[in-house]
Asker: 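Structure in structure tokens, see below.
Atoms within each ligand, like the ligands themselves, are counted from 1 in listed order.
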Amino acid sequence: PALEDLQRYQQQAMRYSVGRAALDAHAQEPATTLDGVHVRVAGNIELHDETGFVLDFGAEGIGLYRTEFLYMNRDALPDEEEQYRHYREVVERCGPLGATLRTLDIGGDKLVSHVKLPKEANPAMGLRALRLCLRESSLFRPQLRALLRASVHGELRIMVPFVSGLAEVRAVKRLLAECHAELLAEGVALPRLPALGIMVELPSAAAIADILAREVDFFAIGTNDLIQYALAIDRANEHVGYLYHPLHPALLRMLQFILRSGAEAGIRVSMCGEMAGDPFYTAILLGLGLREFSMNAVSVPVVKQVIRSLDVSACEALLAEAMMLPDASDIEHLVSERLGPMLGTRISREVFDPMSHRP
Ligand code: PEP
Ligand code: MG
């Protein structure tokens, strides 16, 4: 690069570092809005040893531990004992903040070489995740047993991915009860069953969120898959990436219904897809009533600061306006226009500039 380009980018990088350091200095402070609403911001991890890292970035516990990564890039499946050690370490490190551990979510874009999957024309809609686990109980049972044993050591919540309907939830409950009874018979002290929740990431689950909410202890909204399946865009396909719009009215309606259903049933609803960690969407999500976010470590301090800079009643007004608009691009425009004034100067433009965030 030319010398002047180099200097310009070096200055930009320096301003970013300064803005970032200022944010990180407040990472451990709670995320409470200007009008006093506390919002929980948790972290997403893929491996057990990332726990300390996300907590250092200010995450209030683990909202999503993608346990499938323990099964990937190795020669044999992890046995119950190895899983137990990993899960126990995560829960113990989180203490009262708690950790949500998601059961095996393989298939589609996540492959485990020693789990033989049938050749399918459309693996994204095939035998994967919970479907595979319910079919291969030799795969699922050791994980459920390891999770139950680890739950003795702290606030462990079990979450299942890729739920499409009620029968699957009931099948998981039956299996969990069986594993629980088995462990008790073996003399393992398990005073209680941990909370059981589901990922709401398929349109069918979103559409019956009111029914599912009566059956489980919590929801976690997986926007990565929910957007993929609701808008029919492969999340790894660059040719249809232009259709990827988290603020599509269809999605906002789904999110509203999921959050209302959760509130009516009195269960916790969090969001752990990428949308939760993108500060551009924070105001809309607060307006929808979301009070639990989970995201990658580096996003935690940014989203926390955005939350501290917002007023929930203003977010609700923004959402009401957004819900009247017919198209995703109209809603994106509205948000990019309003967000700057709503945030004022409370967040460094070097770290997050809502104006330049979207085209
Ligand atoms: C999601 O689908 O939004 C999600 C959090 O899970 P994953 O990205 O692992 O599919
Ligand atoms: Mg998913």
Asker: Look at the N, O or S atoms of Asp105, main chain and side chain alike, and state whether any lies under 2.8 Å from the Mg ion (ligand 2).
Answerer: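 False for Asp105.
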
Asker: Do Phe162 and Tyr229 make the cut of ring centroids closer than 6.0 angstrom?
Answerer: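 Here the rings of Tyr229 and Phe162 have centres that are less than 6.0 Å from each other.
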
Asker: Identify the two heavy atoms, one from Leu144 and one from Leu176, that lie closest to each other, and give their separation to 0.1 Å.
Answerer: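 What the structure gives for the nearest pair is CD2-CD1, 3.7 Å.
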
Asker: Kindly compute the distance separating SG (Cys272) from CG (Asn44), expressed to the nearest 0.5 Å.
Answerer: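 One finds 6.0 Å between SG of Cys272 and CG of Asn44.
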
Asker: When you pair each N or O of ligand 1 with protein N or O atoms, which pairs come out under 3.5 Å?
Answerer:
residue, atom, partner, partner atom, Å
ligand 1, 2 (O), Glu201, OE1, 3.0
ligand 1, 2 (O), Asp225, N, 3.1
ligand 1, 2 (O), Asp225, OD2, 3.0
ligand 1, 3 (O), Gly222, O, 3.4
ligand 1, 3 (O), Thr223, N, 3.1
ligand 1, 3 (O), Asn224, N, 2.7
ligand 1, 3 (O), Asn224, ND2, 3.4
ligand 1, 6 (O), Arg102, NH1, 2.9
ligand 1, 8 (O), Arg66, NH2, 2.9
ligand 1, 8 (O), Asn224, ND2, 2.8
ligand 1, 8 (O), Arg235, NH2, 2.9
ligand 1, 9 (O), Arg66, NE, 2.7
ligand 1, 9 (O), Arg66, NH2, 3.3
ligand 1, 9 (O), Arg102, NH1, 3.2
ligand 1, 9 (O), Arg102, NH2, 2.9
ligand 1, 9 (O), Lys110, NZ, 3.1
ligand 1, 10 (O), Lys110, NZ, 3.4
ligand 1, 10 (O), Asp225, OD2, 3.0
ligand 1, 10 (O), Arg235, NH1, 3.0
ligand 1, 10 (O), Arg235, NH2, 3.4

Asker: In terms of the angle between their ring planes, are Tyr65 and Tyr87 parallel, tilted or perpendicular, with boundaries placed at 30° and 60°?
Answerer: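 Perpendicular, since the angle between the ring planes exceeds 60°.
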
Asker: Taking just the N, O or S atoms of Glu201, which one is nearest to the Mg ion (ligand 2)?
Answerer: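 Considering only N, O and S atoms, Glu201 comes nearest to the Mg ion (ligand 2) through OE1.
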
Asker: From the N, O or S atoms in Asp225, identify the one nearest to the Mg ion (ligand 2).
Answerer: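 Of the nitrogen, oxygen and sulfur atoms in Asp225, the Mg ion (ligand 2) lies nearest to OD2.
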
Asker: Grab the two heavy atoms, one from Glu46 and one from Glu50, that are nearest each other, plus how far apart they are.
Answerer: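 Here Glu46 and Glu50 meet closest at N-OE1, 2.6 Å.
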
Asker: Between Tyr84 and His153, how do the two ring planes meet: parallel, tilted or perpendicular, split at 30° and 60°?
Answerer: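 Tyr84 vs His153 ring planes: tilted.
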
Asker: Only counting residues at least two apart or in another chain, list the ones meeting salt bridge (charged side-chain N to carboxylate O under 4.0 Å, His left out) with Lys173.
Answerer: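 Residues passing salt bridge (charged side-chain N to carboxylate O under 4.0 Å, His left out) with Lys173: Glu215.
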
